[in-house]
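Worksheet: one structure, shown below.
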Amino acid sequence: QLQFAESGGGLVQAGGSLRLSCIASGRTSVSFAVGWFRQAPGKEREFVGAINWNGGSTLYAASVKGRFTISRDNAKNTAYLQMNSLKPEDTAVYSCAAQYGRASGNPMGVTKSYAYWGQGTQVTVAS
């Protein structure tokens with residue numbers, strides 16, 4: 001199994017930046033994509049973006065494309081979500097999860113294919 005721990009959330013002014021980290025532990029020797037998701041109060045979980053097993057492919061939701069960047073360092077078992085030009089509507093709990101295998105592109109956007117969710121980290125963007 002895999003376990004994930006997110007960190008890096010906090011309070012930031014609109015237009016600011018934050019970088020979230022997602023550290024994997026456990027069975028990290030297998031290939032897996034890392035997906036980032038967010039959930040605001042009273043709303044369903046939303047796919048933010050994902051990066052494939054070797055970092056060669058990324059996928060982003062339209063709402064964050066051009067503002068958010070996902071990367072990963074497999075030597076550190078860590079994925080990152082760099083968030084720039086933050087907006088109040090980006091306020092949510094951000095979580096990461098794993099999709100086993102070597103999928104790239106659109107298949108990484110299937111939320112139900114992800115497992116081993118982390119606890120999440122709160123991001124609050126003040127206007």
Side-chain angles (χ1 to χ4, degrees):
Q1 284 192 340
L2 287 164
Q3 296 85 40
F4 289 101
E6 304 91 343
S7 62
L11 173 64
V12 64
Q13 294 294 316
S17 298
L18 280 175
R19 189 177 81 154
L20 307 185
S21 297
C22 168
I23 301 176
S25 60
R27 199 180 173 207
T28 58
S29 60
V30 298
S31 298
F32 58 92
V34 175
W36 283 97
F37 300 81
R38 66 187 182 186
Q39 188 165 20
K43 294 188 177 181
E44 293 188 355
R45 179 182 287 156
E46 176 188 15
F47 173 79
V48 173
I51 188 165
N52 78 328
W53 67 283
N54 66 355
S57 175
T58 54
L59 181 71
Y60 298 96
S63 58
V64 307
K65 197 169 187 179
R67 300 188 297 123
F68 290 10
T69 302
I70 298 173
S71 59
R72 68 188 292 169
D73 183 342
N74 286 346
K76 296 181 178 179
N77 294 323
T78 303
Y80 304 96
L81 177 64
Q82 176 67 45
M83 305 185 293
N84 298 330
S85 303
L86 282 161
K87 305 175 182 179
E89 52 263 43
D90 293 319
T91 295
V93 174
Y94 285 71
S95 303
C96 58
Q99 180 194 67
Y100 276 132
R102 299 189 173 189
S104 296
N106 288 337
M108 294 193 293
V110 180
T111 300
K112 64 180 180 180
S113 67
Y114 285 84
Y116 309 117
W117 299 86
Q119 292 292 319
T121 185
Q122 176 70 45
V123 172
T124 303
V125 184
S127 57

[X] side chain to [Y] backbone, donor-acceptor under 3.5 Å:
X	Y	value
Q39	A92	no
Q99	P107	yes
T91	P88	yes
N77	G26	no
Y114	V34	no
S21	S7	no

Hydrogens and angles aside, do S31 and R102 bring a side-chain donor and acceptor to less than 3.5 Å of each other? yes
If hydrophobic clusters are built by linking Ile, Leu, Val, Met, Phe, Trp and Tyr wherever their side-chain heavy atoms come under 4.5 Å apart, do V12 and V48 end up in the same one? yes
Report yes or no: do L81 and V125 belong to one cluster of Ile/Leu/Val/Met/Phe/Trp/Tyr joined by side chain heavy-atom distances under 4.5 Å? yes
Side-chain contact, heavy-atom cut-off 4.5 Å: M83 with D90? no
Are side-chain heavy atoms of R38 and V64 found at a separation under 4.5 Å? yes
Of all heavy-atom pairs between Q1 and Y116, which one has the smallest distance, and what is that distance? CG-CE2, 3.8 Å
Please name the pair of heavy atoms, one in F4 and one in C96, separated by the smallest distance, quoted to 0.1 Å. CB-SG, 3.7 Å
Quick one: pull up [atom1] in [X] and [atom2] in [Y] and give me the separation to the nearest 0.5 Å.
X	Y	atom1	atom2	result
Q122	Y94	CD	OH	9.5 Å
R67	S85	CZ	OG	7.0 Å
S63	F68	OG	CZ	7.5 Å
L2	W117	CG	CH2	13.5 Å
L59	W36	CG	CH2	15.5 Å
Y60	M108	OH	CE	9.0 Å

side-chain contact (heavy atoms from CB on, under 4.5 Å) assessment of F32 paired with Y100: CA-CA 4 Å; F32 58 92; Y100 276 132; 4.1 Å; yes
List the steps, then state whether side-chain contact (heavy atoms from CB on, under 4.5 Å) holds for S17 with N84. CA-CA 4 Å; S17 298; N84 298 330; 2.9 Å; yes
Parallel, tilted or perpendicular for F37 and F47, by the 30°/60° rule? perpendicular
Among T58, N54, N52, whose side chain to side chain donor-acceptor pair (under 3.5 Å) with S104 holds? N52
